Amino acid sequence: MIKITLPDGSVRTYEAGVTALQIATDISAGLARVAVSAEVNGEVWDLTRPIYTDATVKILKFEDDGGKSTFWHSTAHLMAEAIEYYYPGAKFWVGPPVENGFYYDVDLGGVKLTAEDLVKLEEKMKELAAQDNPYIRTEMPKAEAVAYFTEKGDEYKLDLLQGLNDGEITFYTQGKFTDLCRGPHIPSTGLIKAIKLTNIAGAYWKGDERNKQLTRIYGISFPKQQQLDEYLKMLEEARQRDHRTLGRELEIFTFDDDVGPGLPLWLPKGAAIIEKLEALAKRTEKEQGYVRVKTPHIARESMYLRSGHLPYYAESMFPPMELDGNKYYLKAMNCPHHHKIFSAVQRSYRDLPLRLAEYGTCYRYEQSGELFGLMRVRSLQMNDAHIYCTKSQFEEEFMKVNELYVRYFKIFGIEKYVMRFSKHDPKKLGQKYINNPELWQETEEMVRRVLIKSNLPFKEVADEAAFYGPKIDIQIWSAIGREFTIATNQVDFAQAERFDLYFTNEHNEKERPIIIHRAPLSTHERFIGFLLEHYAGKFPVWLAPEQVAVLPISDKYLAYGRQVRDTLVKNGIDATLDERPEKIGRKIRDTEVRKVPYMLIVGEKEQEQGTVAVRRQGQGDQGVKPLNEFVEQVLYEIREYK
RNA sequence: GCCGUUGUAGCUCAGUGGUAGAGCACUUCCUUGGUAAGGAAGAGGUCGCGGGUUCGAUUCCCAUCAACGGCUCCA
């Protein structure tokens, strides 16, 4: 007999070999019906796998994390069965669950799938699901498995087998499909009630671009049709929130073929947002002891050879232009220019830390397939600054930059982000990273110390550092779920030497500064792209390109409307006047759609009393108040970043 | 860069081997209306660009550019 401990702490006794499904049935028939897998001693198991020892068991439903991945992984197998039915020679690589659904990478031997094929596969899957075939787990010795796939001529599964040992090789069969798989799986296909194959894409085998490209089919499935409907609705809402859609609708930015891919044009409203962001950054940086500089957009090749960027970055820089026998590059980063400013003047330890800030415009030749709205572009303006400090000042400076993120993120209400401590990979020293193992270790230790001291949650990731040092990246997600680095704080122990940067220390000796590269507000492009989605286009008052719209009831009150608008503008508020001969309902609607935070409705009463009828976007009528009171209120909100 | 899909009016999208349509937006006129769409008329496209097939291509084929979904790469 064995003891089974359930999540509520209760213990039940069973014969050895009991399955989680039997336990679930004992708890309730309803639970057994919706159970998809079970967590046995912390591992996710098949419901039908016998348990022979004492264990803690948690029955997983679809809604549980482990449950979803089991469910989706099983659906991937179901899809594979359908693929094998229509494309008998198909060879399968891996079919894991992902955040939303699953995919399977498959070699179809040159067959190209169309959207109609997906529908066809989907129908077949539904048919196979309805057969309610059980997923049957079998173990197999390695030699036997190798023989099986050798005969089948399946190099992909043979490759997978290489990494496995005897005793850990299991197969799963449902219906006519058998796959090498670690599992676990749901008990049978009948649980899968709703299926949607979402798209087809190419994916390099093992994620290496030198390898063959396999066909990847993405899909998602649910135990109930209603859940699929809700999911599709959510996708549609995300699409509405997409910054590319909002950017067009709200006239923030545009692209044009004649200008070129990845080169955004900022429309007046986009430019207005930029100005407000810069005002925030400049004011904050001034408070924190930064000084501003300006540098050209191009520089000679020699500077990028000196900085060490060319060997690492040449591919992602625009090709050089030749002038008088010299090569000039469009700058892809501001740091070398700033280093030159550091060395332009003799520096003493008394000058440090020196914090050089610039909203520099950079150009990066991103691969064409990488471009993505404003989030990934070829011309970008960075909230850039370089801090030159002594080793003993480093921790404090680095910490201050981290505090700056927190301060900014609070203003923008950014809560969903991950701080990533990006380290180097020792195997790539001398290739991707400057070859100086001791300094890597030392600086990574310094960064870790600061992070722990700042009490900020972070995760460490190898092989994500800059070539010149470790960094902290702040990761966010776009509306459609893509991950981006929104801000970065980097240590640079390499360039000071390359540029022969030094200051005179208190012992009258030359000493190298440590450099911090930081961009807490990212680039205008990525940050505004992110903010558009974050606010769903409804910018807070301080940041809105059009803060107040004055809407006269009819043109009899246009003169008063002008007076109100002019008063607002004189106070530095971005206000417009709707002079169209439209009805007030129409004016309100159009202004609501533009997502202008405040509407002031003015008619006879307001004109007589010197008041305005305030309407808040998305919230409706806020009542009447004197104009000067409203002005004070808006100025307060702007000042407080509300 | 690679795989796949798409490309018709400012936007969203119909449509066809015989040189094109809708809604919204735009312009003009009428309406002067108190909290999310008043009415009428009009203008606007060499159907992404370049070749080919054809008596004739926006439609079929090829190439190219761009966008989109992934992969690889990065703020």
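The analysis underlying the following values was restricted to heavy atoms, covering all of them including side chains, and did not include hydrogens, waters or symmetry mates. Protein chains get the first letters and strands the later ones, always in sequence-line order, with residue 1 at the start of each. Being a predicted model, the structure only gives us computed values, none of them experimental.
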query = Taking protein heavy atoms under 4.0 Å as touching, what does nucleotides 68-75 of chain B look like 5' to 3' if B marks base contact, S marks sugar-phosphate-only contact and - marks none?
reply = SBBBBBBB
task = Sugar-phosphate means primed atoms, P, OP1 and OP2; the rest is base. With that split, encode nucleotides 34-40 of chain B 5' to 3' as B, S or - using protein heavy atoms under 4.0 Å.
result = BBBBB--
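B:rA40: Watson-Crick or G-U partner is B:rU28, with both key distances under 3.5 Å. Look at B:rG17: it lacks any Watson-Crick or wobble partner with both distances under 3.5 angstrom. Nucleotide B:rC11 has B:rG23 as its partner under the Watson-Crick or G-U criteria, with both atom distances under 3.5 Å. Of all nucleotides present, only B:rG70 satisfies the Watson-Crick or G-U wobble test against B:rC2, with each distance under 3.5 Å. Under the Watson-Crick or G-U wobble criterion, with both distances below 3.5 Å, B:rC60 is paired with B:rG52.
For the residue pair A:Y433/A:D463, the side-chain donor-acceptor check at 3.5 Å is satisfied.
What separates CZ of A:R210 from C1' of B:rG1 is a distance of 14 Å, to the nearest Å. Rounded to a whole Å, the CZ atom of A:R239 is 15 Å from the P atom of B:rC11. In this structure, A:L551 places its CG atom 14 Å from C1' of B:rG33, rounding to the nearest Å. When rounded to the nearest whole Å, the span between CZ of A:R248 and C1' of B:rC13 equals 13 Å. Regarding A:D257, its CG atom lies at a distance of 12 Å from the P atom of B:rG48, rounded to whole Å. Summarising the geometry, the separation between CG on A:L267 and C1' on B:rC11 is reported as 14 Å, rounded to the nearest angstrom. Residue A:W93 contributes atom CH2, which lies 18 Å from atom C1' of B:rC3 at whole-angstrom precision. With rounding to whole Å, A:F253 atom CZ is found 13 Å from B:rA67 atom C1'.
Rounded to a whole angstrom, the distance from the C1' atom of B:rU59 to that of B:rG17 is 7 Å. B:rU64 and B:rU5: their P atoms are spaced 15 Å apart (whole Å). Taking atom P on both nucleotides, B:rA37 is separated from B:rU31 by 22 Å, rounded to a whole Å. Taking atom P on both nucleotides, B:rC24 is separated from B:rA40 by 10 Å, rounded to a whole Å. Nucleotides B:rC29 and B:rA20 have their P atoms positioned 31 Å apart, rounded to a whole Å. Rounded to whole Å, the P atom of B:rC60 lies 26 Å from the corresponding atom of B:rG23. Between B:rG21 and B:rG44, the two C1' atoms lie 13 Å apart (nearest whole Å). Across B:rU16 and B:rU8, the matching P atoms stand 16 Å from one another, rounded to whole Å.
Ring geometry, A:Y218 versus A:Y103: the interplanar angle falls from 30° to 60°, so the pair is classed tilted.
Scanning for salt bridge (charged side-chain N to carboxylate O under 4.0 Å, His left out) contacts around A:R562 gives A:E579, with sequence neighbours left out.
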request  = Could you give me the CA-CA distance, side-chain angles and deciding distance for A:V418 and A:F458, then say whether side chain to side chain contact (heavy atoms under 4.5 Å, CB included) is met?
outcome  = CA-CA 7 Å; A:V418 167; A:F458 66 96; over 6 Å; no
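Here the options are A:K331, A:M303, A:M333, the test is side-chain contact (heavy atoms from CB on, under 4.5 Å), and the partner is A:H309; only A:M333 passes.
Not less than 6.0 angstrom separates the ring centroid of A:Y388 from the ring centroid of A:H338. Ring centroids of A:Y417 and A:W477 are separated by 6.0 Å or more, keeping the two rings apart. Residues A:Y598 and A:F630 place their aromatic rings such that the two centres sit under 6.0 Å apart. In this structure, the ring of A:F372 has its center less than 6.0 angstrom from the ring center of A:F484.
Around NZ of A:K432, the count of heavy atoms belonging to other residues, nucleotides or ligands within 6.0 Å exceeds 12.
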